[in-house]
Structures are given as structure tokens and as C-alpha cells.
Amino acid sequence: MIFLAKFMTEIKFAIEGEDAIQATEELLAIEGITGNYTVESEDIKKEAVITTVATIVGLVGGTIAIAEQIRKWYLEYKQNQSGKRIAKVLIVGRNGRRLLLENATIEQIRQILES
């Protein structure tokens, strides 16, 4: 059974790290995700900490497929294979539920997307 979802959401992704802007742009480029983001930065001990907050305003397609793409996106940045770096990613669902992507499963990500 394929579950297709098209609904308005207010899911937020807080992405922190050196390459947060590029990572956020790539997150929003995932097929089925529509959204925008803002950039926040603060100077801490001479190092700039960049945090982006992406607001997902629409999801089109199967939430499992989108959750898989989000997990893949996160792992590519976390494993630093491409030289890109992010420190952490927090997802906040519409109901306020929070999930750090550090050890999140595809099922946990799907639950946040659907909640």
C-alpha cells in the first residue's frame, strides 16, 4: 500500500554547523518538500555559529520516501564525506514533538512528518 500525502505542515528544522546554509538549501531541494528558511548566527569565542531554521510548509508524496531522503541527506552531512559539515539537526513537528536526527530512525522521522 502506498500512502500519498499532500498537506500543509509547520514542521521546523533547526540546522547548526559550518555548512548549515548549504545543508538547508539541499534539504529544501528534496523532491516532495516545500519550504523556506532563515539564518541566525552568533559569534562565540571568535567562531561564528551558523544556525538555519527551515520551515516546511508542504509535503507531497509518500512520507516514508521523504523520511528516507531526509535520513540520507543527514547522513551525508554527518559523515562528512563531501567535506560539508553540520553539527546537529533538530526537527520540531506541528504538535511540538522534537527529534534530534543524530540516532533517529526513518520511522521516527516519518512519525514527526505525519504528526
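Annotation: side chain of Ile33 is not in contact with side chain of Trp73 (no heavy-atom distance under 4.5 Å). At least one side-chain heavy atom of Tyr37 sits under 4.5 Å from a side-chain heavy atom of Ile21. In this structure, the side chains of Ile70 and Phe13 come closer than 4.5 Å at one or more pairs of heavy atoms.
Contact record, Glu10 with Arg94: N-CG, 3.3 Å, taken as the closest heavy-atom pair. Looking at every heavy atom in both residues, Ala20 comes nearest to Ile15 through CB-O, 3.5 Å. Across every non-hydrogen atom of Ile11 and Ile91, the tightest pair is CG2-CG2, 3.6 Å. Listed here is the closest heavy atom pair of Glu18 and Ile50: O-CD1, 4.1 Å. Shown here for Ala67 and Leu113, the closest heavy-atom pair between the two residues is N-CD1, 4.0 Å. In terms of heavy-atom proximity, Ile86 sits nearest to Tyr74 at CD1-CD1, 4.2 Å.
Between the CD1 atom of Ile106 and the CD atom of Glu68 there is a distance of 4.5 Å, given to the nearest 0.5 Å. The distance from atom CG of Leu90 to atom CD of Glu102, rounded to the nearest 0.5 Å, is 12.5 Å. For the atom pair Thr63 OG1 and Glu114 CD, the distance stands at 3.5 Å (nearest 0.5 Å).
Tracing side-chain contacts under 4.5 Å through hydrophobic residues (I, L, V, M, F, W, Y), one reaches Leu59 starting from Ile30; they form part of the same cluster. Residues Leu100 and Val92 share a single hydrophobic cluster, defined by chaining ILVMFWY side chains whose heavy atoms lie under 4.5 Å apart. Linking Ile, Leu, Val, Met, Phe, Trp and Tyr residues whenever their side-chain heavy atoms come within less than 4.5 Å places Val39 and Leu28 in a single cluster.
Not a single salt bridge (Lys or Arg N to Asp or Glu O under 4.0 Å) links Glu31 to another residue, sequence neighbours left out. Residues passing the salt bridge (Lys or Arg N to Asp or Glu O under 4.0 Å) test with Arg71: none are found, sequence neighbours excluded.
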Next item on the list: Begin from the C-alpha positions of Val60 and Ile66 and carry the test side-chain contact (heavy atoms from CB on, under 4.5 Å) through to its verdict.
Entry: CA-CA 9 Å; Val60 178; Ile66 293 172; over 6 Å; no

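Other residues, nucleotides and ligands contribute over 12 non-hydrogen atoms within 6.0 Å of the CZ atom of Arg97.
Screening Asp19, Thr52, Thr38, Asn36 against Thr24 for a side chain to side chain donor-acceptor pair (under 3.5 Å) leaves a single residue, Thr52.
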